[in-house]
Protein chains: 2
Amino acid sequence: MTEVALRAKVSAMSVSRALRTPHQVSPETLRRVQKAVREMGYVPNRLAGGLKAPSRTQLAAAIVPSLQNSLFSGTIQGVTDALRKKGINLMLGDSHYSHEEEESLIGAFLAHRPCGLVLHDTAHTPGARRLLRNAGIPVIEIGNLVPRPVDLVVSYSNFAAAKAMTGHLIGRGYRQLAFVGLPSADNERSKERQRGFRAALADGHLPYDETRVIETDGSFESGARALVQLLDMRPRIDAIFFTGGVTAVGAMMECTRRGWDVPKKVAIAAFDDWPVSRLLKTPITALEIPRYQIGERAAELMLRRLDGDHGRIPPVDVGFRVIERQST
Amino acid sequence: MTEVALRAKVSAMSVSRALRTPHQVSPETLRRVQKAVREMGYVPNRLAGGLKAPSRTQLAAAIVPSLQNSLFSGTIQGVTDALRKKGINLMLGDSHYSHEEEESLIGAFLAHRPCGLVLHDTAHTPGARRLLRNAGIPVIEIGNLVPRPVDLVVSYSNFAAAKAMTGHLIGRGYRQLAFVGLPSADNERSKERQRGFRAALADGHLPYDETRVIETDGSFESGARALVQLLDMRPRIDAIFFTGGVTAVGAMMECTRRGWDVPKKVAIAAFDDWPVSRLLKTPITALEIPRYQIGERAAELMLRRLDGDHGRIPPVDVGFRVIERQST
DNA sequence: TTGTACGCGTTATCAG
DNA sequence: CTGATAACGCGTACAA
């Protein structure tokens, strides 16, 4: 910056002002500075700025369970788009669905002094919670409407959504329901969805049968396998709720392969509305969840905090919608 | 850090050393520092470190055309995984397929002084090139095997891959080929693929017919539309090469819907091996491209430069493979 | 409106 | 192996 100042024949301070608060310098100074900046290809150093004003590093961070899941990509896109308008860039990390890795990532990210942190996960190790508390920056959790958030929340209720979808199945007349979820051991969202399923069964006065609840990884093959396994074991099952968008498609394709009629032989519902779902010969009933909007609003809340709003901000429920298609 | 030093009763310098080069301090000092760090929940400030040693900000950056495209996600996953082993985090941005946005992002990123930059695009505005030159950091281009790279390249040849796939079609006996590509105006990869298609036609002594080359966006619907449009116009077309993985699936589903036999009525080949491709009733012939590995190796090259290797490093060609399935 | 002095937290350097 | 010192590039606070 000093070099720019020399070239423009003003002080370094004027350069700083010309760049950050152009209206505070005379037009002449501004012009000279801009000219010098252009000629030299000067790129400001935010490290130095952030050192002085830690709340304005213009860098935010986000951690998702997996970068490869298109659902998360949608949300991340929302975050980056919204932040970029304010000149804030995003550091992105991937916890591989592990709370320990999340903690380690949080530590690594905080070292860069981000001005905000978006976390998809809502369960954290004690170490992670401590880091977050001490960081003194806005933290936005987006994976679930948590009852006791670290700070801010923008999400939907996994419980309510799963319950609504199960309720939809019951409303359509299905009575022998099964549930194929993702591993719930380390995953609050998975647990909540399972809880929603049970709650809807209870509401419908249907018995809960543990053997009709399966957990699998999120692949096509697992979906197909789960379908076959369930129907082999309990031929009377008339509807299956898959909480993985991919597993539902896998199951549907398996039905096609075997010539099984959906929804006559068995109805299929999905939690995530995976793009292919609606294009299959029998489009799959699924939940619409505004993934992009979650990211966008998360970024907005972060910006609100950065603008000085330190008051309590209530959780934002973006909601969901059951999209009925031919598979149920 | 000063506080840690006080608590551990050593100098700040010893703390710095204990954290970065533990073998350079006595076991006793190390122990005391670690204890203090743990007790205080100290998180080092990399901004300050980066200010002093700009080449070790422990922050890298990557720009992809779209965050939502699963192909790019795979590569990004490779980059983050490889960098994380060295404690380097990733800033991620999205150019929305625009060179101007890319330039703007590069500028924004450089302000954070990343120690390396991964770019999917291989065509850049003059402004972007200038920024990259002046930045003095390793730049890795990964979208195509460019002839005149900015610095380092890890990729495959879009030209060769498209040519190989077209050659495969010709080898299978198809003679009336059509090509459905993505918009090529601002996209080198798209242009190269189209060039590969033409080159294979020439090699096979087949005429090139402009009206059989269509450009569409990458949606299911566009794929279906392109298919219908081509076959309506030129019923003799016996094979279509889609360079979007999604468009190929869309077209295939449209065939199913209309009861068109693939590959009897028309063969379908895809550039990208989109996960669903292999699961359809008629699995789609596609190119296998090691997306994750591209990211991994890009990160490795970056690390090599950071380790002091300033020599010329030749482009890394990760290659590709034609996966023949029933659609051709 | 513009400039000066100082400090942010860390590391390179050099002396002990 | 350890410590003192200066410096990285910018922003705050104050003064001109």
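Proteins come first, then strands; the chains are lettered A, B, ... in the order of their sequence lines, and each starts at number 1. Only a predicted model underlies this, so the values are computations on that prediction, with no experimental measurement involved.
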Open item on the list: Under 3.5 Å, is there any donor-acceptor pair linking the side chain of R17(A) to the base of dG3(C)?
Closed with: yes

TODO: Choose from dT2(C), dT11(C), dC10(D) the nucleotide whose nearest atom is closest to any side-chain atom of N45(A).
DONE: dC10(D)

Open item on the list: Can you measure K9(A) atom NZ to dT1(C) atom P for me and round it to whole angstrom units?
Closed with: 23 Å

Task: Upstream residue (5' side of DNA chain C) when M13(B) and Q24(A) are each assigned their closest nucleotide - done: Q24(A)

Open item on the list: Looking at A12(A), is its backbone amide N or carbonyl O close enough to the side chain of S16(A) to form a donor-acceptor pair, meaning the two atoms are under 3.5 Å apart?
Closed with: no

TODO: Quickly, which of E141(A), H99(A), R130(A) forms a side-chain hydrogen bond (donor to acceptor under 3.5 Å, both in side chains) with H124(A)? Name it, please.
DONE: E141(A)

- [ ] Quick one: do D121(B) and Y97(B) satisfy side-chain hydrogen bond (donor to acceptor under 3.5 Å, both in side chains)? Show the steps, please.
- [x] CA-CA 8 Å; D121(B) 251 323; Y97(B) 289 91; over 6 Å; no

Open item on the list: Quiz question: going by heavy-atom distance under 3.5 Å, is there a donor-acceptor pair between the base of dA12(C) and the side chain of K52(B)?
Closed with: no

Task: Along DNA chain D (nearest heavy atom to each residue), the more 5'-positioned of S16(A) and P27(B) - done: P27(B)

TODO: Flag the pair R189(B) and E192(B) as a salt bridge only when some basic side-chain nitrogen lies within less than 4.0 angstrom of an acidic carboxylate oxygen.
DONE: no

Task: Distance, rounded to the nearest Å, where L110(A) contributes CG and dG9(C) contributes P - done: 15 Å

Open item on the list: Over all strands shown, is M1(A) touching base, sugar-phosphate only, or nothing at heavy-atom distances under 4.0 angstrom?
Closed with: sugar-phosphate

Open item on the list: Is T29(B) close enough to dT2(D) that one of its side-chain N or O atoms is under 4.0 Å from OP1 or OP2 there?
Closed with: yes

Task: Integer-rounded Å distance: dT2(D) P and R32(B) CZ - done: 9 Å

Task: Closest-nucleotide ordering on DNA chain D, the 5'-leading residue of R113(B) and S11(B) - done: S11(B)

TODO: Would you indicate which nucleotide in dG3(C), dT12(D), dT13(C) comes nearest to any side-chain atom of A53(A)?
DONE: dT12(D)

Task: Gap between atoms CG and P, on L19(A) and dT12(D) respectively (whole Å) - done: 14 Å

Task: Atom pair distance, as rounded to whole Å: CG in L47(B) and C1' in dC10(D) - done: 12 Å

TODO: Starting from C1' on dC10(D), measure out to CD on E3(A) and report it in whole angstrom.
DONE: 14 Å

TODO: Kindly say whether T21(A) contributes a backbone atom to a donor-acceptor pair with the side chain of R17(A) at under 3.5 angstrom?
DONE: no

- [ ] Starting from C1' on dA12(C), measure out to CG on L51(B) and report it in whole angstrom.
- [x] 13 Å

Open item on the list: Under 4.0 Å from OP1 or OP2 of dT2(D): is there any side-chain N or O of S26(B) that close?
Closed with: yes

TODO: Tell me whether the OP1 or OP2 atom of dT10(C) has a side-chain N or O from Y42(B) closer than 4.0 Å.
DONE: yes

- [ ] For P44(B), answer base if it contacts any base atom (sugar-phosphate contacts may also be present), sugar-phosphate if it contacts only those atoms, and nothing otherwise; contact means non-hydrogen atoms under 4.0 Å.
- [x] sugar-phosphate

Open item on the list: For a quick check, tell me whether the side chain of R56(A) and the base of dG11(D) share a donor-acceptor pair closer than 3.5 Å.
Closed with: no

- [ ] Give a yes or no on whether a salt bridge exists between K35(A) and E39(A), defined as a side-chain N under 4.0 angstrom from a carboxylate O.
- [x] yes

Task: Atom pair distance, as rounded to whole Å: CZ in R46(A) and C1' in dG11(D) - done: 13 Å

